[in-house]
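Notes for the one structure printed next.
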Amino acid sequence: MKDKLICIIHYALLKAKEKGDLSIQEIPSIVLEVPKEEGHGDFATTVALSLAKSEKKPPRKIAEIIKDAIEDSGGILERIEIAGPGYINFFIKDSAWLSVLSEIEGKGANYGRSDIGKSKPVQIEFVSANPTGPLHIGHGRGAAVGDSLARLLSFAGYDVKREFYINDFGSQVENLGNSIYFKYRELSGDNEAAKVVRAEAADDETPGAQDTSNLYLGEYITDLAKDFIARPEFQALPEDEKKIYCREEGIKMMLRQIGETLLKFGVSFDEWYSERKLYDPKNNLVRAAIDELREKGLVFEDGGAVWLTTTRFGDDKDRVLIRNNGQTTYFASDIAYHRDKFMRGFREIVDVWGADHHGYIPRMKAAIQALGHDPDEFNVLLVQLVNLMREGQPVKMSKRAGTFVTLEEVMDEVGTDACRFTFLLRRPDSHLDFDLDLVKSQSSENPVYYVQYAHARLSSVFRQAAEKGIVLPPIEKVNLSRLSLPEELAIIKRLSVFPELVEKAAEAKEPHRLTYYLQELAGELHGYYFRHKFISDDLELTYARMHLVKAVRQVIATALGLLGVSAPESM
RNA sequence: GCGCCCGUAGCUCAGGUGGAUAGAGCAACAGCCUUCUAAGCUGUGGGCCGCAGGUUCGAGUCCUGCCGGGCGCGCCA
C-alpha cells in the first residue's frame, strides 16, 4: 500500500516538473509515514516541507501543486488533504485495505518475507562461550538475540550462516583441565598433590589472579572429575597424561553440554569453529594472517614482541600480536579467524558480544581494515549483561566460586518461550533485569502469554467453527466489504505494516521490534474478540471475519517464529 | 584521566534513522464472565523526555559542554 502511494507521489512530482510548476533539480526521496493522529489520514508526507527551501515557495503552495498533479489510476485514494505547515495527508479507501487480506491468504507463512538481503552471504557469530563452564543467563540473552536475528535476516532474504567460535586453545581451557585434575587428585585423597596443582595454576602470569589460583570451583568440575574417575580408560593412563585427558575430555563434555542447552533453547549452529583449527601446523592461519599484515608493512617489533599498527586505523594504541615469550595473543587468533570468515566468502559479518567487550571493537575494526576490508562489513552487536533477580533482589553470582545460576536452570524454571521472549523484550544494548518470579509466577500477565493466548484463542475459534460444520469458502468468494468496523480496519492496517516492519527490523538488526509489534497486534485482537462474535448466524459476515482473524493468526505465528517462540494451538 | 553505552510516567521500558497534541506494560483506583478460552476486556489518574546551549521551517531523536549511572582501558581470554 505504502509503496503504491510512493509511486503515485513520485509520478506527481515528475509531472509537476514537466509542467514547469516545480523546478525540482532531483526528486527527493519521499518520506511517507503513518500519522499518529487518525484524523491526519492513513499516510502523510513532508515532501512539500523539504522542497520549500529549494523551490523558494511556501510549503502549502507546493503541497497544492503536488496534490493537483496526483493521478490515482488504481482508485485507492479516498481524498487528499493539505494540513498544518504543508503536510499532505492521504486517506485510503476502505475497499483498498481489504486487499491486504487476500495478499496474506495467498502468501501464508511467506507473508512478510522479502528479498532486500539479495542473498547476501552474512555470518552471525554468537554465544561463543568458553567451553570451561555451563552457559549462564547472559549467554542466554546473546543466544536469543543472535538466533532471532539470524531468523530475521534469513526471512529478509539474506543468506545467513550461524557460527559458534570455540575458544579451545589458550589458558582458559588449560585452567579447565587443571581444575578437573585438581579435583581428581583431591577426590583420590591426595591432598598434597592437589596443593601442588593449585600452586601451579596460581603461578600463572595472569595479573588478575589475586586469589590462590585460577581454578574453577563449580560443582560441574566435581561431576566431571567423578565421571572420569569412573572411566577405566582414565585410570589406565600414566599420571602425567591424566592432566591432558582432563583438559581434552573436559572440553568435549562441556561443549556437548553447551550444545544440548542451546538446542533445548531452540538454537542451533551451522558451524562450530575451533580456535585450534587456526593453528593447524599444515595450514597455520594465524601465521598466514600475521605474514599478510607484515607484508603490508603494518607490523613492527618492540620489546621482543610483535605489534600491529592499529592506531593507523583509529585505535587508541597499537596492539600486540606475538608476546615476547613467543606466544600469540587472543587478538592474533581473532584476526586470523575473521580473516578466514571473509575468505569463506561472507560479505557481512555480525558478531554478538557481551557489552563488557565493547572496548575490543576499535582494535577489531582496525584489524579488519588492516586486512583490506571495509569496516562496515564487520558489525558488532553488543548485548548488555543481565541482572538476574529473585523477588526484586539481585541474585549474587560468582563464576570462580561456582555459585551461579545456569541458563539451563532458568529455562527449567520459567520455560523457554517466556525466557526467549523476555530477552527480546528490550533493545539488546539496554540493561535487563530478569526477575525469575516476574517471568515465571506472574505468568498470567506476562507479555509472552498475552501474545500466545491470542494465537490460541483464534485457533480455538476455528475449532469451534469446524464443530459447527462451518466450511470457510476461499477468500475470493467472500464479501470482505462486510468488514467495516473501525477495529477491523485498524487490524487490517496493522497487518499491512508487517512486511515493512520485518525489513526495518532486519536492517537495523533489532529483533525486539517484533515483540512490540506482537503486543500491539494481540492487544487489538483481544479487544476485537471481546466486543464482537466472529461466528454468528450471519454467514456472510462470519466468513469475512474468519478470513480476517485467519490472517491475524498467520501473522502472529510468523512473527513468533522469527523470535523462536512457539505459537500454541491451545493454552 | 580517556573511551563506549544509558538517562523518557511511581517501576520496567518503546519511540520506525528529524515531523503534527510523547506511548505501552506493570503498579494504583473503578467496572465487565448464562456468550467462539477472563492467560481476556473497558475506564481513570500520572511527564521540565537528566541539565544548559547549538543546528533548522521543525529536536525525545542530530552537535557541543556539564551532571548522574553502567562498562571498558593487559605482551589476559
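Every chain is numbered from 1, with letters handed out A, B, ... down the list of sequences.
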Under 3.5 Å, sequence neighbours excluded: what are the donor-acceptor pairs made by side chains of residues 423-431 of chain A?
unit_1: A/Arg427; atom_1: NE; unit_2: A/Asp429; atom_2: OD1; d: 3.1
unit_1: A/Arg427; atom_1: NH2; unit_2: A/Asp429; atom_2: OD1; d: 3.4
unit_1: A/Ser430; atom_1: OG; unit_2: A/Arg427; atom_2: O; d: 3.1

Among all residues two or more places apart in sequence or in another chain, which pass the ring-ring contact (aromatic ring centres under 6.0 Å, His included) test with A/His526? A/Tyr450, A/Tyr453
What nucleic acid atoms does A/Ser333 come within less than 4.0 Å of, heavy atoms only: base, sugar-phosphate, or nothing? nothing
Taking side chain to side chain donor-acceptor pair (under 3.5 Å) as the test, write out the residues that go with A/Ser496, two or more places apart. none
When you compare B/rG19 with B/rU56, how far apart are their C1' atoms, in angstrom units rounded to a whole number? 12 Å
Regarding A/Asp435, tell me which of base, sugar-phosphate or nothing describes its non-hydrogen contacts under 4.0 Å with the strands shown. nothing
Sorted by chain and number, sequence neighbours left out, side chain to side chain donor-acceptor pair (under 3.5 Å) with A/Glu348 holds for A/Lys120, A/Asn379, A/Lys509
Is it true that A/Arg276 and A/Glu248 have a side-chain N and a carboxylate O under 4.0 angstrom from each other? yes
Taking NZ, NE, NH1 and NH2 as the nitrogens, is one of them in A/Asp334 or A/Arg363 under 4.0 Å from a carboxylate oxygen of the other? no
Nearest whole angstrom, please: distance from the P of B/rG40 to the CD of A/Gln452. 12 Å
Taking the same atom, C1', in B/rC49 and in B/rG60, what whole-Å distance lies between them? 5 Å
For the side chain of A/Arg482 and the backbone of A/Tyr543, is there at least one donor-acceptor N/O pair under 3.5 Å apart? no
Any chance the side chains of A/Gln464 and A/Ser460 put a donor and an acceptor closer than 3.5 Å? no
Have a look at A/Gly303 and say if it touches a base, only the backbone sugar-phosphate, or nothing, with a 4.0 Å heavy-atom cut-off. base
Rounded to whole Å, the CD-P distance (A/Gln172 to B/rA77) equals 8 Å
State which residues pass side chain to side chain donor-acceptor pair (under 3.5 Å) with A/Ser566; sequence neighbours excluded, sorted by chain then number. A/Asp417, A/Gln452
Enumerate the residue pairs fulfilling ring pair (Phe, Tyr, Trp, His ring centres under 6.0 Å) with a member in residues 497-523 of chain A, sequence neighbours excluded, ordered by first and then second residue. A/Phe498-A/Tyr517
Under the rule syn = chi within 90° of 0, otherwise anti, which is B/rC62? anti
With a 4.0 Å heavy-atom cut-off, tell me which residues in residues 530-539 of chain A come close to RNA chain B, sorted by residue number. A/Phe530, A/Arg531, A/His532, A/Lys533, A/Phe534, A/Ile535
Listed by chain and number, what are the salt bridge (charged side-chain N to carboxylate O under 4.0 Å, His left out) partners of A/Glu487, not counting sequence neighbours? A/Arg531
Look at all strands and tell whether A/Asp302 reaches a base, only sugar-phosphate, or nothing, counting heavy atoms closer than 4.0 Å. base
Work out how far the P atom of B/rC33 is from that of B/rG25, and round it to whole angstrom. 22 Å
What's the gap between B/rU64 and B/rC26 when it is taken at their C1' atoms, as a whole Å value? 37 Å
Where each residue is assigned the nucleotide of RNA chain B containing its nearest heavy atom, which of A/Pro362 and A/Gly170 is assigned the position nearer the 5′ end? A/Pro362
Taking every heavy atom of A/Pro499 against every heavy atom of A/Tyr111, the minimum-distance pair comes out as CD-OH, 3.3 Å
Base contacts versus sugar-phosphate-only contacts with protein, heavy atoms under 4.0 Å: please encode nucleotides 14-21 of chain B as B, S and - from 5' to 3'. SSB--BB-
Rounding to an integer number of angstrom, what distance separates B/rG54 and B/rC11 when you compare their C1' atoms? 34 Å
Between B/rG15 and B/rU61 - P atom distance, rounded Å: 14 Å
Between B/rC73 (P) and A/Asp318 (CG): distance, integer Å: 18 Å
Rounded interatomic separation in angstrom, taking NZ from A/Lys61 and C1' from B/rC57: 19 Å
Apply ring-ring contact (aromatic ring centres under 6.0 Å, His included) to residues A/Phe378 and A/His338 and explain how you reach the verdict. CA-CA 9 Å; A/Phe378 169 70; A/His338 285 80; 5.3 Å; yes
Starting from C1' on B/rG40, measure out to OH on A/Tyr450 and report it in whole angstrom. 8 Å
Whole-Å distance between B/rC36 P and A/Glu569 CD? 19 Å
Distances under 3.5 Å only, N/O to N/O: pair up the protein atoms with those of nucleotides 68-71 of chain B.
unit_1: B/rC71; atom_1: O2; unit_2: A/His358; atom_2: NE2; d: 3.2

Looking only at atom C1', what distance separates B/rU44 and B/rU34, rounded to whole Å? 30 Å
Side-chain ion pair, A/Arg545 and A/Glu488, N-O less than 4.0 Å: yes
When you check the phosphate oxygens OP1 and OP2 of B/rA77, does a side-chain N or O of A/Arg363 lie under 4.0 Å from one of them? no
What's A/Ala456 touching, base or sugar-phosphate or nothing? Going by heavy atoms closer than 4.0 Å. base
Report yes if a side-chain nitrogen or oxygen of A/Tyr529 is closer than 4.0 Å to either non-bridging phosphate oxygen (OP1 or OP2) of B/rC33; otherwise report no. no
Spacing of A/Leu525 atom CG relative to B/rC36 atom C1', expressed in whole Å: 12 Å
Verify side-chain hydrogen bond (donor to acceptor under 3.5 Å, both in side chains) between A/Thr329 and A/Arg323, making sure each step is shown before the conclusion. CA-CA 7 Å; A/Thr329 59; A/Arg323 296 191 261 164; over 6 Å; no
Would you mind telling me which residue lines up with the more 5' stretch of RNA chain B, A/Trp307 or A/Gly359, judged by nearest nucleotide? A/Gly359
The side chain of A/Arg457 is closest to which nucleotide in this list: B/rA77, B/rA39, B/rG40? B/rG40
Dot-bracket for RNA chain B, please, read 5' to 3', with Watson-Crick or G-U wobble pairs under 3.5 Å on both distances, ( ) within the strand, [ ] crossing, | other strand, . unpaired. (((((((..((((.....[...)))).(((((.......))))).....(((((..]....))))))))))))....
Distance in angstrom units between A/Tyr360 OH and B/rC76 P, rounded: 12 Å
Could you work out, with salt bridge (charged side-chain N to carboxylate O under 4.0 Å, His left out) as the rule, every residue matching A/Arg60, not counting sequence neighbours? none
Looking only at atom P, what distance separates B/rC66 and B/rC75, rounded to whole Å? 29 Å
